[in-house]
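The figures here come from the full heavy-atom set of this structure, side chains too, leaving out hydrogens, waters and symmetry mates.
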Amino acid sequence: AQTVTQSQPEMSVQEAETVTLSCTYDTSESDYYLFWYKQPPSRQMILVIRQEAYKQQNATENRFSVNFQKAAKSFSLKISDSQLGDAAMYFCAYRFYNNNDMRFGAGTRLTVKP
Amino acid sequence: DAEITQSPRHKITETGRQVTLACHQTWNHNNMFWYRQDLGHGLRLIHYSYGVQDTNKGEVSDGYSVSRSNTEDLPLTLESAASSQTSVYFCASSEGTGDFRNTGELFFGEGSRLTVL
């Protein structure tokens with residue numbers, strides 16, 4: 001079974017600085033998708049960024065980028081120029097390409113200090 | 001705009017009672033999912049459906065059931081609520097796979113907080 005591990009239960013960053021959230025996953029498959037979701041205090045789950053495993057280029061979305069290391073099964077999220085609105089719970093998730101269900105890590109709570 | 005809505009948003013019930021959480025989506029997605037969120041566990045899959053009349057068990061399905069009579073709705077039923085089922089429940093939907101370009105992004109409802117006393 002696929003598992004997703006987020007080893008940092010909590011992280012903090014100073015406003016305007018950069019922070020990296022870690023995620024590793026376990027799979028025997030070669031084709032899959034990886035995601036980072038953000039959950040602010042409102043509880044709404046918001047997609048931050050996605051990565052297709054067959055793509056070597058790391059995905060970027062404005063201030064958010066990933067470092068995808070397929071051989072190491074690592075998928076970290078980098079947030080640049082952190083803003084107060086980035087404070088949230090962040091979940092890493094995995095989905096095998098031919099399967100519809102998604103598996104989540106336990107989450108990392110990010111605090112942004114002014 | 002298309003959306004996915006859950007009701008009720010908050011519910012308190014007693015042990016042993018039957019509870020149903022509603023989920024309605026207007027995305028016209030074939031796939032629908034129920035997750036529960038607990039501290040330290042992230043989101044865990046309870047049940048899912050790939051289309052009308054299709055239902056499947058997830059990793060934590062004991063004590064829960066679902067039925068899919070139309071595309072839009074996937075209600076989650078707790079047959080006899082237990083304190084261990086106190087949690088926040090999320091419904092989600094996604095487009096079907098089969099097209100390799102479709103990443104299967106999940107669209108989530110706002111969650112339903114259930115407390116079982």
Stepwise side-chain contact (heavy atoms from CB on, under 4.5 Å) test for B:Phe108 and A:Gln39 | CA-CA 11 Å; B:Phe108 284 88; A:Gln39 186 182 43; over 6 Å; no

In terms of hydrophobic clustering (I, L, V, M, F, W, Y; side-chain heavy atoms under 4.5 Å; direct or indirect links), are [X] and [Y] co-clustered?
X	Y	result
A:Tyr94	B:Phe107	no
B:Trp27	B:Met32	no
A:Tyr90	B:Tyr35	yes
A:Val66	A:Val48	yes
B:Leu45	B:Leu76	no

When rounded to the nearest 0.5 angstrom, what is the spacing between CG in B:Leu39 and CZ in A:Arg109?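 Between B:Leu39 CG and A:Arg109 CZ, I get 7.5 Å after rounding to 0.5 Å.
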
>> Please classify the contact of B:Arg113 with chain A as side chain, backbone, both or neither, using a heavy-atom distance under 4.5 Å.
In response: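 Both parts, backbone and side chain.
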
Practice prompt. Counting only heavy atoms closer than 4.5 Å, note whether B:Leu43 contacts chain A via side chain, backbone, both or neither.
Written response: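 Both parts, backbone and side chain.
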
| message | Is there a side-chain contact between A:Tyr37 and B:Glu105 in this structure, where contact means two heavy atoms from C-beta onward sitting under 4.5 Å apart? | response |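 They are in contact (side-chain heavy atoms under 4.5 Å apart), so the answer is yes.
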
Q | Heavy-atom closest pair, residues B:Gly40 and A:Ala106 | A |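 Looks like O-CB, 3.4 Å.
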
Q | Most contacts with chain B, counted as non-hydrogen pairs under 4.5 angstrom, among A:Gln44, A:Arg43, A:Met45, A:Met89 | A |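 Among the listed options, the one with the most contacts to chain B is A:Arg43.
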
Determine whether more than 12 heavy atoms belonging to other residues, nucleotides or ligands lie under 6.0 Å from atom CZ of A:Arg63.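 Above 12, so yes.
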
| query | Side chain, backbone, both or neither: which part of A:Gln6 has a heavy atom under 4.5 Å from chain B? | reply |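 Contact with chain B: none, neither part.
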
